[in-house]
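Report on the structure given below.
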Amino acid sequence: MRSNDCGDLRSDHIASEVQLCGWIDRCRDHGGVIFLDLRDQSGTVQITVDPNQGPELFSIAETLRNETVIQVTGCVRARPDEAINQKLNTGNIEVLASDLQILNQVKGNLPFSVSSHDEESVKEELRLRYRYLDLRRERMKRNLKLRHKTIQTARAYLEAEGFIEVETPVLTKSTPEGARDYLVPSRVCEGEWFALPQSPQLFKQLLMVGGLERYYQVARCFRDEDLRADRQPEFTQLDIEMSFMDQEQILNLNEKLIASIWKQVKGIDIPIPFPRLTWKEAVNQYGTDRPDNRYGMELNDVNDIMQDIGFKVFSGAIAKGGSVKCINITGGNNSISNVRIKPGGDIFSEAEKAGAGGLAFIRVRESNEIDTIGAIKDNLTSSQIIELLNRTKSKAGDLILFGAGETTIVHKTLDRIRQYIAKELKLIPKENQKNYWNFLWVTDFPMFEFNTEEKRLEALHHPFCAPNNEDLGNDPKSWSKLLPKSRAQAYDLVLNGLELGGGSIRIHDAKLQQEVLKTIGLSQEIANEQFGFLINALELGAPPHGGIAFGIDRIVMLLTGEESIRDTIAFPKTQQARCLMTEAPANVSKKQLKELNVESTLKDTE
RNA sequence: GGGACCGUAGUUCAACUGGUUAGAGCACCGCCCUGUCACGGCGGAAGUUGCGGGUUCGAACCCCGUCGGUCCCGCCA
């Protein structure tokens, strides 16, 4: 149907006869001559329709509207000097049409303009309803190409490293831990249900037991939880697992993988190895396990200074087992007014959203003088003030903000304020600046955290992470005592405050696996019912193994600079997990439900 | 489950404090135009202000409900 792509035509093609297909991006009808911008996947080129080429051709051209699909035959020719358009890659030439076929018309009005010349922002609701039109636009096309390149680069790298891609089931078994499952009723096995995988975790471990040694998969994962800008009910992981590799080797391999993606996709050399923080360091210094450490304002623990002072908000918090921590904002005296940190202010309300009751502050003046509320100032001795200023490395002109209370709330509050202020004061590097891409490994996560609602320990990552050998020791008899306080051989890759991926060394010992399941409160019976196949496999020659999974959608979001992963996915869902284009989910017939032995408990509204 | 914001011609936006016939750009339709490239000129059509109810002499605007979208908390790694 076509001999060339529109966007590829250059001066070299002058005098050659070409056939092109594509969409009308725009037309300019001058009465005597008509210019058509013809667009295909490669770009656009100007088609010139001259009445001298025949009245039939010309009268067809007069009827053309935006987004009509046409086929053009014509001759490439140089534009007159005064008509050269430097803004276009194809701006030196044009195609003089000799024949023009309409391949498809546009009926009625377009829901929105496709041409990239119309940069007006179209409501996302419309973009999603007519996603195929949105995909024709430059932005989505660019994002999907970049996504493709990201995945291709990963495949090439892993191929070179001896990995093989294996597909794992989408219809699988519901598991008790983790997110809510999407369920699929089985027709054949009456009354029983499949679940869609939250990740291929167990299958990839079983591939290792199966001797595959190096596996990867671009795997679709499903989680039936509420959505966010960076969360979709179905999303894609680059899932990797390998045998006979320790944590150090796995991290090395993966930072090379990430560096090669950034090199291929963005042309940027990312220095390796990536910096590392332990989980404990991350939480203590930044209040979160995925810190953005491109700007300062680290958290300072001032419990020792504040524990006995007369200001009860501070000393009382510590007495109850909580903490007092603070961040120093360089030059904050000028950049942040009191109104903003007092009740009703924007910074105060950020603290409130994190669960804080208040937001204490100290303004640092010359000669170690401070300004703050009387209740704090009157209760601090000058040596305590000097100690505080030293601890926080504060100078005259700085502003110190405090969180006091339950330690997790203090961390959450200061983490949130830190990020908010960095954004407000424009402390975050721009994409063209050198330290914009800030990769970080966070390691040594705890194995478990306490779930206060259910009053039991929960796996922080998942219950298949191997504990740290030093923490656990060699005596199985002491495992039940040592496990709850052990660190895991688990790691997360963090980029600019976003978690890109995470993984761990897995347990390959059946006894230890059972002990971990017991620790999170699964009885032996339930553990066997849910994970018997895994335990059996671990008893039949499982190699030491570990791996990682990266969130492809998030990686592409960062590479494209988009603020939502929806813009990296061809057909995403709305926050109500609905597809506006197909209108899924939708009702099914009673007959279908009956076959599946499923009945709705919703009242019939018909 | 909870909080915040949004919904006006096909589309992007406007419409003062509740006050005449809800306006404009682009798109669309008609006419004119041979070098434009976000072409230009003249004219035209286009609206259940998401939907339902209420308050009011009077509602796009205020109130209640509902549907849809976005962001966030809870939830989720």
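Below, chains carry the letters A, B, ... as their sequence lines are ordered, and counting in each starts from 1. Just so we're clear, the structure is a prediction, and the values are computed from it rather than from any experiment.
In this structure, A/Arg79 reaches the bases: a heavy-atom distance under 4.0 Å links it to at least one base atom across the strands shown. At a threshold of 4.0 angstrom between heavy atoms, the contacts of A/Gln46 include nucleobase atoms, whether or not backbone atoms are also involved. Using a 4.0 Å heavy-atom cutoff across all strands shown, A/Arg290 reaches no nucleic acid atom at all. No contact: A/Arg39 has no heavy atom under 4.0 Å from any strand. Within 4.0 Å of A/Lys107, counting heavy atoms only, lies no atom of the nucleic acid at all.
Mapping A/Phe112 and A/Ile84 onto RNA chain B by nearest heavy atom places A/Phe112 at the nucleotide closer to the 5' end. Take the nearest nucleotide of RNA chain B for A/Gly31 and for A/Leu110: the residue whose nucleotide is more 5' is A/Leu110.
Annotation for A/Lys280: atom NZ does not count as buried by contact number, only 12 or fewer foreign heavy atoms lying within 6.0 Å. Within 6.0 Å of the OH atom in A/Tyr130, the count of heavy atoms belonging to other residues, nucleotides or ligands does not exceed 12.
Partner A/Arg26 forms a side chain to side chain contact (heavy atoms under 4.5 Å, CB included) with one of A/Leu36, A/Thr44, A/Asp37 and no other, that one being A/Asp37.
Between A/Thr44 and the phosphate of B/C37, there is no side-chain N or O to OP1/OP2 separation shorter than 4.0 Å. Between A/Arg566 and B/C71 there is a side-chain polar atom (N or O) within less than 4.0 angstrom of OP1 or OP2. A sub-4.0 Å separation between OP1 or OP2 of B/C29 and a side-chain N or O of A/Arg65 is present. A/Arg28 has no side-chain polar atom (N or O) that falls below the 4.0 Å cut-off from OP1 or OP2 of B/U36.
Aromatic stacking is not marked for A/His30 over B/U36, as the cut-offs of 5.5 Å for the centres and 30° for the planes do not both hold. For B/U36, the base is stacked against the aromatic ring of A/Phe35, per a cut-off of 5.5 Å between centres and 30° between planes.
Ring-plane geometry between A/Phe464 and A/His462 is classed as tilted, the angle between the planes lying from 30 to 60 degrees on a 0 to 90 degree scale. By the 30° and 60° cut-offs, the orientation of the rings of A/Trp441 relative to A/Tyr491 is perpendicular.
Scanning atom types as modelled, no donor and acceptor separated by under 3.5 angstrom connect the side chain of A/Arg180 and the base of B/G74. The base of B/G69 is not paired with the side chain of A/Arg129 by any donor and acceptor separated by under 3.5 Å.
The closest side-chain heavy-atom distance from A/Thr48 to A/Val33 is below 4.5 Å. Using a 4.5 Å heavy-atom cutoff, the side chains of A/Glu458 and A/Arg456 are in contact. Within the 4.5 Å cutoff, side-chain heavy atoms of A/Arg79 are placed close to those of A/Gln46.
Taking a cutoff of 4.0 Å between a charged side-chain nitrogen and a carboxylate oxygen, A/Glu241 and A/Arg506 qualify as a salt bridge. Here A/Asp471 does not pair with A/Lys485 in a salt bridge; the nearest charged N to carboxylate O distance is not below 4.0 Å.
Comparing the C1' positions of B/C71 and B/C63 gives an interatomic distance of 25 Å, to the nearest angstrom. B/C5 and B/C31 are spaced 46 Å apart, taking the C1' atom of each and rounding to whole Å.
Among B/G35, B/A77, B/U12, the nucleotide with an atom closest to any side-chain atom of A/Lys123 is B/U12. Closest to the side chain of A/Pro51, from the set B/U8, B/U34, B/C71, is B/U34. Among B/A38, B/U36, B/A77, the nucleotide with an atom closest to any side-chain atom of A/Arg223 is B/A77. Checking B/C75, B/C28, B/C72 against every side-chain atom of A/Asn109, the shortest atom distance belongs to B/C28. Among the nucleotides B/A77, B/U36, B/C73, the one closest to the side chain of A/Glu94 is B/U36. Closest to the side chain of A/Arg228, out of B/G74, B/U34, B/A77, is B/G74.
In this structure B/C5 sits in a base pair with B/G69, meeting the Watson-Crick or G-U test at under 3.5 Å. The nucleotide B/C28 finds its pairing partner in B/G44, both defining distances of the Watson-Crick or G-U wobble pair being shorter than 3.5 Å. For B/U55, there is no paired nucleotide, since no Watson-Crick or G-U wobble pair has both relevant distances below 3.5 Å.
Using a 4.0 Å cutoff on non-hydrogen atoms, the parts of residues 193-205 of chain A near RNA chain B are A/Gln198, ordered by number. Within residues 572-585 of chain A, the residues having any heavy atom under 4.0 Å from RNA chain B are, by residue number, A/Thr574, A/Gln575, A/Gln576, A/Arg578, A/Leu580.
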Atom pairs and distances, side-chain donor-acceptor, residues 49-58 of chain A, under 3.5 Å, sequence neighbours left out:
| from | atom 1 | to | atom 2 | distance (Å) |
| --- | --- | --- | --- | --- |
| A/Asp50 | OD1 | A/Asn52 | N | 2.8 |
| A/Asp50 | OD1 | A/Asn52 | ND2 | 3.0 |

